[in-house]
Chemist: 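I'd like to ask some things about the structure below.
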Amino acid sequence: MLQAKAQKLTPTQRANALLQRMTLAEKIGQLNQLSADFATGPITPQGNKQQLARSGQLGSMLNLMGASRTRQLQELAMQSRLKIPLLFGQDVIHGYRTTFPIPLAEAASWDLPAMQQTARIAATEASAAGIHWIFAPMVDISRDPRWGRVMEGAGEDPYLGSLIAAARVKGFQGSGLGHTNAVMACVKHFAAYGAAIGGRDYNGADVSQRSLWETYLPPFKAAVDAGAATVMNGFNDINGIPATANALLQNNILKGQWKFSGFVVSDWASISELIVHGYAKDHKQAAQQAILAGNDMDMESSAYQNHLATLVKQGQVPMATVNNAVRRILIKKFEMGLFDDPYKFCNPQNEEAQYDNAAHQQFARTMAAKSIVMLKNDTLQSQPLLPLKKTQKIALIGPLVTSQRDNLGFWSFNFDDDSTRLVSLYQGMQNALGSNAPLLYAKGCNLNDADTSGFAQAIATALLADVVVMQVGEARDMSGEAKSKSNLQLPGVQEALIKAIHRTGKPMVVLISAGRPLIFNWTAKHIPAILYTWWLGMQAGNAMADVLFGQHNPSARLPITFPRAEGQIPIYYSHHNTGRPAANDSDLNYVSAYIDLPNSPQYAFGYGLGYGTVTYAKPVVSNTTPKGNNTVDVSVSIAYNGPSPRTETVQLYIHDKTASVVRPVKELRKFQQLTLLPNQQRVVTFKLTTEDLKFYNHKLQYVWEPGAFNIMVGPSSDKVQTVTVNWGK
Ligand code: GLC
């Protein structure tokens with residue numbers, strides 16, 4: 001009867017009923033999360049985890065994978081007095097068993113349904129391996145490629161980043177918590193972690209309220225509105241208040257204004273780090289500050305476990321505060337169905353079924369091809385160098401050509417594969433050409449040292465070929481957490497190798513694989529064809545071959561600006577005009593410009609090429625003097641002349657020419673992706689309303705203001721055509 005009655009109660013009612021029966025120690029246990037089989041941060045001693053689980057002093061574990069392994073720990077939790085199930089969390093950042101391109105690469109696809117699908121696949125595989133909760137999407141906006149974690153996010157733009165955040169949350173949570181293939185998303189790192197001063201990881205963020213609301217918060221709001229079950233805060237301080245103890249962010253904005261009903265978890269030991277920040281005098285005060293500021297669960301610092309009971313008994317933390325935190329966590333466990341079946345995610349047969357899913361791998365290949373940005377494709381002997389012909393004798397040269405693991409990126413836990421699942425460029429080209437193809441190869445150099453002894457062999461190899469394809473860039477641990485760089489040049493002697501091969505006079509294609517924008521100005525100037533191949537995941541080689549031979553017409557567009565020099569950083573398209581804008585890259589007459597290099601970036605936000613040419617006409621508006629809540633149609637005619645179907649991302653930017661605060665010279669507000677067939681003309685129409693014109697005014701109110709607006713449409717932020725409308729009240 002009780003069980004039947006329990007079924008009719010809501011998760012909140014069931015959580016409240018359980019709370020009544022819990023001791024203070026059991027409540028605090030729910031707020032305690034510890035790492036299991038490996039560390040993803042500095043290691044601290046935490047006592048006997050099995051005993052903590054058995055005695056109900058552990059609410060969650062991370063870094064523990066596998067249906068049988070998670071069952072073991074869940075069985076221990078079922079020995080506790082109240083049999084409250086554990087939550088198992090994991091950093092499934094871009095795929096679980098199937099490793100997809102890194103998030104920054106996927107963002108370059110601008111393909112929201114595809115990004116939702118890779119998240120859905122990741123959730124399907126992770127949940128089959130006993131994981132309830134994944135610490136993704138990471139939605140930190142960043143305009144600083146010195147910061148290694150730029151690889152994990154969606155780039156520099158809050159509009160694009162918000163759409164991607166929502167798509168990923170929907171992908172992870174699927175049909176809703178409680179379904180066996182749905183996992184809890186965890187949107188992170190709340191907030192402004194990507195604004196680390198100097199691009200140095202874990203450094204403070206000094207941001208204005210305007211920047212916070214205009215740039216760094218929108219993707220979090222989009223994720224919360226999409227139903228994100230949890231939020232993770234961050235290591236950084238925001239204007240002097242560490243994120244983990246930031247009541248304005250967690251209590252006021254997230255749980256108050258946004259009415260977020262899930263729970264907040266700290267980042268790895270970030271509660272303990274309040275002491276190192278100089279914000280807490282000791283561990284006990286750190287625990288008090290964090291829970292009072294809205295941090296519900298303690299990842300890895302044991303601060304709540306060690307001090308909360310005393311803080312409550314001494315009246316320094318209200319019991320209601322503890323109850324609120326515990327209630328939020330219990331509600332999610334009820335919603336996940338874990339009280340009804342603690343082992344519902346521990347099905348070895350399901351895990352086996354998802355282990356080597358061919359359809360997932362095929363989609364990884366599709367997504368990887370969609371993520372490759374063609375930066376250059378010059379015409380040689382009256383035709384573009386790419387796509388290559390399979391009859392050409394090809395030399396593959398470079399330190400990444402045969403690498404499998406480096407294509408998996410920083411957050412991949414599944415590189416213990418046999419080599420058949422991970423496809424290097426070499427293997428991808430062999431797959432495309434057939435194993436008997438006369439494919440030449442030389443490594444040329446290492447990734448990051450001064451050894452040029454391999455150059456001679458590489459040059460000799462190049463001379464035997466019709467065309468050279470090089471793959472250079474970063475090792476998988478050169479971008480990611482705690483991987484900030486002051487120098488973004490191609491590491492080691494890689495660009496020297498490119499120059500050496502260039503001196504052979506052979507036609508060359510350079511593929512650059514990295515977790516962030518790198519600087520390669522000489523290559524950009526002298527090499528006729530360049531593909532930016534990020535870290536493309538397990539199907540990297542096949543996807544690269546698909547683009548090189550034209551099976552996939554390159555469609556990706558940069559989600560982040562590429563600088564010419566570190567000295568330009570932060571550099572991004574949505575900048576202010578200033579009172580003295582440079583008219584062009586050579587204007588140095590009392591203008592806002594560098595005297596030692598052009599102001600413009602190496603490559604602009606939204607930039608990318610494809611096979612064939614797309615011509616844009618000037619945009620046309622249905623009304624140049626709209627009023628109030630009119631809708632304005634913005635139409636642009638585009639014509640495509642190319643060898644194969646091509647996905648085009650038509651981008652629409654606005655500029656509010658005069659406002660109560662200065663507005664960026666352009667802001668992305670709409671985009672449409674469409675497939676163009678050879679020799680086809682299409683008209684793309686956007687519908688604009690005043691909702692698309694809103695911004696945070698001088699009082700931080702989210703409003704639109706009447707006046708003149710430039711509406712700009714084009715294939716890239718630096719290639720737009722403009723029409724002006726005067727939008728009246
Ligand atoms: C790491 C990362 C965070 C991750 C967590 C657990 O330090 O900052 O993104 O989810 O710890 O691995």
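What's counted below: heavy atoms across the whole structure, side chains too, no hydrogens, waters or symmetry copies. By convention here, the first residue in the shown sequence is residue 1. Numbering of ligands and ligand atoms starts at 1, following listing order.
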Chemist: Looking only at protein heavy atoms, which one is nearest to atom 10 (O) of ligand 1, and what is the separation?
Modeler: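 Residue, atom and distance for the closest contact: Asp91 OD1, 2.5 Å.
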Chemist: Under 4.0 Å from a heavy atom of Trp268: give me the atoms of ligand 1 that qualify, with their elements.
Modeler: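 Matching atoms, with element in brackets: 7 (O), 11 (O).
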Chemist: If the test is ring pair (Phe, Tyr, Trp, His ring centres under 6.0 Å), which one of Trp268, Trp147, Phe235 qualifies with Tyr202?
Modeler: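 One option only clears the test, and that one is Phe235.
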Chemist: Compute both the distance and the angle, then confirm whether Lys483 meets the cation-pi test with Trp535: under 6.0 Å from the six-membered ring centre, within 45 degrees of the axis.
Modeler: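 Lys483 over Trp535 ring: no.
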Chemist: Within ligand 1, which atoms have a heavy atom of His189 less than 4.0 Å away?
Modeler: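 Answer, ordered by atom number: 3 (C), 8 (O), 9 (O).
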Chemist: Would you mind listing which atoms of ligand 1 come within a distance below 4.0 Å of any non-hydrogen atom of Phe235?
Modeler: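 Numbered from 1, ligand 1 contributes 7 (O), 8 (O).
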Chemist: Do Phe345 and Phe88 have ring centroids that are under 6.0 Å from one another?
Modeler: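 When the ring centroids of Phe88 and Phe345 are compared, they turn out to be at least 6.0 Å apart.
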Chemist: Is there a donor-acceptor contact under 3.5 Å linking the side chains of Arg97 and Tyr355?
Modeler: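 Per modelled atom types, Arg97 and Tyr355 side chains form a pair under 3.5 Å.
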Chemist: At what distance, to the nearest 0.5 angstrom, does CD of Gln90 lie from CE of Met65?
Modeler: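 Between Gln90 CD and Met65 CE, I get 4.5 Å after rounding to 0.5 Å.
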Chemist: Please confirm whether Glu152 approaches ligand 1 to less than 4.0 Å, judged on its heavy atoms.
Modeler: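 No, Glu152 has no heavy atom closer than 4.0 Å to ligand 1.
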Chemist: Identify, by atom number and element, the atoms of ligand 1 in contact range of Thr40, meaning under 4.0 Å from any of its heavy atoms.
Modeler: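 Taking each heavy atom of Thr40 in turn, ligand 1 has 1 (C), 6 (C), 7 (O), 11 (O), 12 (O) under 4.0 Å.
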Chemist: Could you find the nearest protein heavy atom to atom 3 (C) of ligand 1 and give me its residue, atom name and distance?
Modeler: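 Checked against all protein heavy atoms, atom 3 (C) of ligand 1 sits closest to Asp267 OD1, 3.3 Å.
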Chemist: Can you tell me which residue and heavy atom of the protein come closest to atom 1 (C) of ligand 1, and the distance to 0.1 Å?
Modeler: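 Protein heavy atom at minimum distance: Glu481 OE1, 3.2 Å.
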Chemist: Are the side chain of Lys170 and the backbone of Gln116 linked by a donor-acceptor contact shorter than 3.5 Å?
Modeler: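 Between the backbone of Gln116 and the side chain of Lys170 there is no qualifying donor-acceptor contact (under 3.5 Å).
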Chemist: Nearest 0.5 Å, what's the OG-CD distance between Ser301 and Gln33?
Modeler: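 Rounded to the nearest 0.5 Å, the OG-CD separation comes to 10.5 Å.
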Chemist: Using a 4.0 Å cut-off to any heavy atom of Lys188, which atoms of ligand 1 qualify?
Modeler: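 The atoms of ligand 1 under 4.0 Å from a heavy atom of Lys188 are 3 (C), 4 (C), 9 (O), 10 (O).
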Chemist: Assess, by modelled atom type and distance only, whether the side chains of Thr99 and His94 contain a donor and an acceptor separated by less than 3.5 Å.
Modeler: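 Checked: Thr99/His94 side chains show no N/O donor-acceptor pair below 3.5 Å.
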Chemist: Report yes or no: does Asn357 contribute a side-chain atom to a donor-acceptor pair with the main-chain N or O of His360 at less than 3.5 Å?
Modeler: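 At least one qualifying donor-acceptor pair exists.
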Chemist: Using a 4.0 Å cut-off to any heavy atom of Arg149, which atoms of ligand 1 qualify?
Modeler: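 What qualifies from ligand 1 is 2 (C), 3 (C), 8 (O), 9 (O).
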Chemist: Please determine whether any non-hydrogen atom of Met138 lies less than 4.0 Å from an atom of ligand 1.
Modeler: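 Heavy atoms of Met138 never come under 4.0 Å of ligand 1.
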Chemist: For Asn63, which part has a heavy atom under 4.0 Å from ligand 1: side chain, backbone, both, or neither?
Modeler: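 Neither; nothing of Asn63 gets under 4.0 Å from ligand 1.
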Chemist: Can you name the atoms of ligand 1, numbered from 1 with element, that are less than 4.0 Å from a heavy atom of Phe135?
Modeler: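 In order of number, 10 (O).
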